[in-house]
Amino acid sequence: MSRRADIEEEIQLDMGSQLFAHADDMLPTATETQVRFLAERLTEALRDILRVAESRGRRGRMSGDGLSERSSS
């Protein structure tokens with residue numbers, strides 16, 4: 001189960017990275033409609049990435065790998 005979650009997280013992070021690169025290229029000449037669409041997609045990607053970070057934090061505390069100590073300093 002953990003490996004499946006890792007794969008899903010990797011996919012979400014990769015998609016967010018690709019979307020960011022696309023938005024970065026497109027924004028200088030984007031129309032208002034395109035900017036709104038990008039903002040909606042970037043919001044979705046950020047939500048996914050925050051979910052990944054939260055999940056990793058919980059797993060770190062459960063496995064005792066010291067993640068919670070590192071993130072609180």
Non-neighbouring partners of E44 that pass side chain to side chain contact (heavy atoms under 4.5 Å, CB included), sequence neighbours left out: R41, R47

Set of salt bridge (Lys or Arg N to Asp or Glu O under 4.0 Å) partners for E40, sequence neighbours left out: R36

Contacts of type side chain to side chain contact (heavy atoms under 4.5 Å, CB included), residue L46, not counting sequence neighbours: L50

Hydrophobic cluster (4.5 angstrom, side-chain heavy atoms) - remaining members for F20: none

Atom pair NE2/CG of H22 and D25 - distance to nearest 0.5 Å: 8.0 Å

Side chain to side chain donor-acceptor pair (under 3.5 Å) against T43, all qualifying residues, sequence neighbours excluded: none

Reported CD1-to-CD distance for the pair I49 and E9, which is rounded to 0.5 angstrom: 11.5 Å

Linked hydrophobic residues, F37 as query - side chain contacts closer than 4.5 Å: none

Which residues share a salt bridge (Lys or Arg N to Asp or Glu O under 4.0 Å) with E10, sequence neighbours left out: none

All side chain to side chain contact (heavy atoms under 4.5 Å, CB included) counterparts of A45, not counting sequence neighbours: L19

Which residues share a side chain to side chain contact (heavy atoms under 4.5 Å, CB included) with M15, sequence neighbours left out: I11

Contacts of type side chain to side chain donor-acceptor pair (under 3.5 Å), residue Q34, not counting sequence neighbours: T31

Any residue meeting side chain to side chain donor-acceptor pair (under 3.5 Å) with D24, in chain and number order, not counting sequence neighbours: none

R51: partners by salt bridge (Lys or Arg N to Asp or Glu O under 4.0 Å), with sequence neighbours left out: D48

